[in-house]
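Presented below is the structure to which this report refers.
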There are 2 protein chains.
Amino acid sequence: MTHPDTQAPVEVARPGKRDRLIAAAQAAMLAHGVERTSLADIAHAADVPLGNVYYYFKTKGELVAAVIERQRSRQQEAFAALDQRPTPAQRLCALLDSWMAQREKLTAHGCPVGTLGTELRKGADELADDSAAVLAGLLGWFERQFTEMGRGDARQLAVALLAAYEGTILLANTLADQDLITVEGERLKQWITSLA
Amino acid sequence: MTHPDTQAPVEVARPGKRDRLIAAAQAAMLAHGVERTSLADIAHAADVPLGNVYYYFKTKGELVAAVIERQRSRQQEAFAALDQRPTPAQRLCALLDSWMAQREKLTAHGCPVGTLGTELRKGADELADDSAAVLAGLLGWFERQFTEMGRGDARQLAVALLAAYEGTILLANTLADQDLITVEGERLKQWITSLA
DNA sequence: GTCTATATTGCGATAGAC
DNA sequence: GTCTATCGCAATATAGAC
């Protein structure tokens, strides 16, 4: 802490300027959609001047790509944590528990992965496939759990579970009723338990 | 047909100019989203000059409102047709059959009601509630069928069915796999039959 | 690397002739 | 009622000083 002025003459960027932009973009795009979120909004929220955004991301699309990559990365961490649990049924139920715990945010803005994927499919965007890969990652993880439970119809069960998951959030969001997530969550947990 | 020039000096609009705009708006907005659909696109598709759109709709929002009203109207017609069938299980399965028959369009663009509701919730739009009412209409119809089947948990069953319905379309659209609709459709029909 | 000022474009909406 | 021309604005992206 001594002589802070004399050392490090090179201006080191406050760590995370780029990360702050990605996080701000993710939050704003989840709340208002990609199209309605301007780079000015993101820059303001991240406390970065507008023109400087283009030093980190050449286009808005690159920023969206970074958001998707961040989702994928977070998803892998979540899987790693869940995989610590001993049985597949416990892992699936633990995910449903954390899902229900987030019901307020999910009801307010929808599923981050689902709504982004839906919006990107409407554009001519190549990014749609990247977003789809995140959803496919969740589907694959579900399928692995069911396979480990010895189910030959693991794929179909995974599709049914993911559809119920995404569909319930869509309903909760559109109808503005977070209790739908609680009720469906409990029903799905019972269903999983009955399969184990 | 005689003397067509001398009669009806008042220029009667070719029937359906307004309707053409609504239909074109619905198609374009389903394909590309409300935000990305410009009034110029709609006017061009409906073969109406851009400036003339404002004679029929004061704002773009009014045009979206007309699209929603059209969805609601079509939904009522669909319910009336389905209600001709003798049993609630037959009605539900008939709806799932028509759903599966439309799997190609649903996979390409998502559910017209679900994607519109999701997008409008992202905006500050008051129209979101109008769109939600259409989804709620479908939910209510489901619930009536289960009630008529003598189920005390009709509401919960309706939520589960609608979530599976919307969630499956979201997956089929995002993952670009229309077979998901076929597989889930058959599973849901079996489930309904098992309840009857 | 950082930031201000601005070029450029596309869209919603309007004015006003016919 | 119909249509052309255009305004005003917001947003992406760039130029260029520091």
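Convention: sequence-line order gives letters A, B, ...; per-chain numbering from 1. Keep in mind the model is a prediction, meaning the values are calculated, not measured.
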inquiry  = According to side chain to side chain donor-acceptor pair (under 3.5 Å), who are the partners of A:T87, at least two apart in sequence or on a separate chain?
reply    = A:Q90
ask   = According to the salt bridge (Lys or Arg N to Asp or Glu O under 4.0 Å) rule, which pairs have a member within residues 152-164 of chain A, sequence neighbours left out?
value = A:E143-A:R155, A:R151-A:D153
task = Note the angle between the end axes of the helix from C:dG1-D:dC18 to C:dC18-D:dG1, five pairs defining each, rounded to 10 degrees.
result = 10°
request  = Nearest whole angstrom, please: distance from the C1' of D:dC18 to the OH of A:Y55.
outcome  = 15 Å
Enumerate, atom names and distances included, each donor-acceptor pair closer than 3.5 Å involving a side-chain atom of residues 165-181 of chain A, sequence neighbours excluded.
unit_1, atom_1, unit_2, atom_2, d
A:T168, OG1, A:A164, O, 2.6
A:T174, OG1, A:L170, O, 2.9
A:D177, OD1, A:D179, N, 3.1

request  = Mind jotting down which residue pairs meet the salt bridge (Lys or Arg N to Asp or Glu O under 4.0 Å) criterion with at least one end in residues 73-91 of chain A? Sequence neighbours excluded, please.
outcome  = A:R91-A:E148
ask   = In chain order, what residues pass the side chain to side chain donor-acceptor pair (under 3.5 Å) check against A:E119, with sequence neighbours excluded?
value = none
query = Taking only residues at least two apart or on different chains, which pairs with a member in residues 96-111 of chain B satisfy salt bridge (Lys or Arg N to Asp or Glu O under 4.0 Å)?
reply = B:D97-B:K189
request  = With sequence neighbours left out, write down each residue that passes side chain to side chain donor-acceptor pair (under 3.5 Å) with A:Q71, or none if nothing qualifies.
outcome  = none
key: Interatomic distance, A:L63 CG vs D:dA13 C1' [rounded to whole Å]   = 14 Å
request  = Would you mind reading off the distance between A:K17 atom NZ and C:dG1 atom P, rounded to a whole angstrom?
outcome  = 11 Å
Listing time: all N or O pairs from protein to nucleotides 9-12 of chain D that are below 3.5 Å?
unit_1, atom_1, unit_2, atom_2, d
D:dT12, OP1, A:L39, N, 3.3
D:dT12, OP1, A:K60, NZ, 3.2
D:dT12, OP2, A:L39, N, 3.0

query = Starting at CG of A:N52 and ending at P of C:dT4, how long is that distance when rounded to a whole Å?
reply = 10 Å
inquiry  = Any non-hydrogen side-chain atom of B:V48 less than 4.5 Å from a side-chain atom of B:Y55?
reply    = no
